[in-house]
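Notes for the one structure printed next.
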Number of protein chains: 2
Amino acid sequence: MDHVDKILAQWQKERPDLDVAPMGTLGRIKRLHQSLMRRMEQTWAAYGLNDSSFDVLATLRREGPPYALSPSDLMASTMVTSGTMTHRLQQLEKAGLIERVKNPADGRGFLISLSDKGFALIDEVVAAHVATQAELVSGLSDEQRAQLDALLKQFLAEFEPA
Amino acid sequence: MDHVDKILAQWQKERPDLDVAPMGTLGRIKRLHQSLMRRMEQTWAAYGLNDSSFDVLATLRREGPPYALSPSDLMASTMVTSGTMTHRLQQLEKAGLIERVKNPADGRGFLISLSDKGFALIDEVVAAHVATQAELVSGLSDEQRAQLDALLKQFLAEFEPA
DNA sequence: TTAAAATACCTTGATATCAAGGTATATGGC
DNA sequence: GCCATATACCTTGATATCAAGGTATTTTAA
């Protein structure tokens, strides 16, 4: 009988005409997401980053050499709008973590690349981030996590078709 | 090989020293949350609401008669800060969906209650919301959903101790 | 009784986000 | 070659959120 179960019981009593079982699943995903994000934010904050800035730097880093993508590529990878990406890039450029160069192949666009400082920072932060994540999932056994992965993957496939 | 698998493969190549398995689990929760919220927002928007306003109205509605709670109770139920709740209540009051009365038992505080209009609206919206949720989980069988529920519940228990 | 501490809620200032629309450049059909 | 359309990115305006701090009231305890 956790918090979500209590909410479902309240609805059951007030609106017995509704089948609120799916609300339990989606409610737990929402609350879990919130708790997980809050913990991960702490790690990022320790290095002067947040979800947004980590997201961009990590996307560039894991891309491999030459650690550069266009703003459009970054928008697609991180699932944010162009206005949001513009804002993120301004902050990161101001912090000296990325550099932008005119795209030689397309006069309309730019390429965003990790600065040396940005590369060094993200390489350090991602290690701390992975450690935080390991701690966060430690409440599940390896087998349970594998089972959860499989279910989440199928669920997600509905919304991110290959 | 979904989007998250591709991200893990990139990290595997770039940083083979890190165990990124937990990142898969947490990444799928994040992306799933984002997709699910976007779809639910559409339903709320059709009734002039959003996540925030639905959250408050639904909390009051499922509480049962007299459909009233203090701002502090609402903050605890919805896991937001006092500033956020103040803002939400201002919007809802402006829209005529809630009413606030001085708490007779505690001169420092208020009680927030559903207006007739607010009650009628949330009763209609929650039905549409539940239908949306049923649609969202339709990609999983009942058995898979039950299995997912159990794993999410255990996972969440780590962060929301009874 | 009364002063200190706790509580309830609001205000302020900063950041992140999105939707809609704007400007510059590239591309494709004629 | 040239114009219509598409693309790439930025700007604007609005909303949501939080952290930190403020004011009023209640509770605690000397």
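A note on names: the letters A, B, ... follow the listed sequences, proteins ahead of strands, and every chain is numbered from 1. Only a predicted model underlies this, so the values are computations on that prediction, with no experimental measurement involved. Just so it is clear, the values below take in all heavy atoms, side chains as well, and ignore hydrogens, waters and symmetry mates.
Judged purely by atom type and a 3.5 angstrom limit, A:Thr132 has no side-chain atom pairing as donor or acceptor with the backbone of A:Met40.
In this structure, A:Gln90 reaches the sugar-phosphate backbone alone: every heavy-atom distance under 4.0 Å involves primed, P, OP1 or OP2 atoms, never a base. Backbone-only contact: A:Asn50 has heavy atoms under 4.0 Å from sugar-phosphate atoms and none from a base.
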Between protein and nucleotides 17-28 of chain D, map the contacts as a letter string: B base, S sugar-phosphate only, - none, heavy atoms under 4.0 Å, written 5' to 3'. BBS-----BS--
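Within the structure, salt bridge (Lys or Arg N to Asp or Glu O under 4.0 Å) pairs that include any residue of residues 83-97 of chain A comprise A:Asp55-A:Arg88, A:Glu93-A:Arg100 (at least two apart or interchain).
For the pair B:Phe110 CZ and C:dC10 C1', the computed distance is 9 Å after rounding to whole Å. Distance CD1 (A:Ile112) to C1' (D:dA8): 12 Å, rounded to an integer number of Å. Put simply, CE on B:Met75 is 18 Å from P on D:dA16, counting in whole angstrom units. Distance CG (A:Leu49) to C1' (C:dT15): 15 Å, rounded to an integer number of Å. At whole-Å resolution of the value, CG in B:Asn103 and P in C:dT7 are 16 Å apart.
Using a 4.5 Å cut-off on side-chain heavy atoms (C-beta onward), B:Val56 and B:Arg61 make no contact. A:Leu114 places none of its side-chain heavy atoms less than 4.5 Å from the side chain of A:Leu97.
Here NE2 of B:His3 is found 10.5 Å from CG of B:Leu8. Values are rounded to the nearest 0.5 Å.
The pair A:Asp149-A:Lys153 does not count as a salt bridge, with every side-chain nitrogen at least 4.0 angstrom from each carboxylate oxygen.
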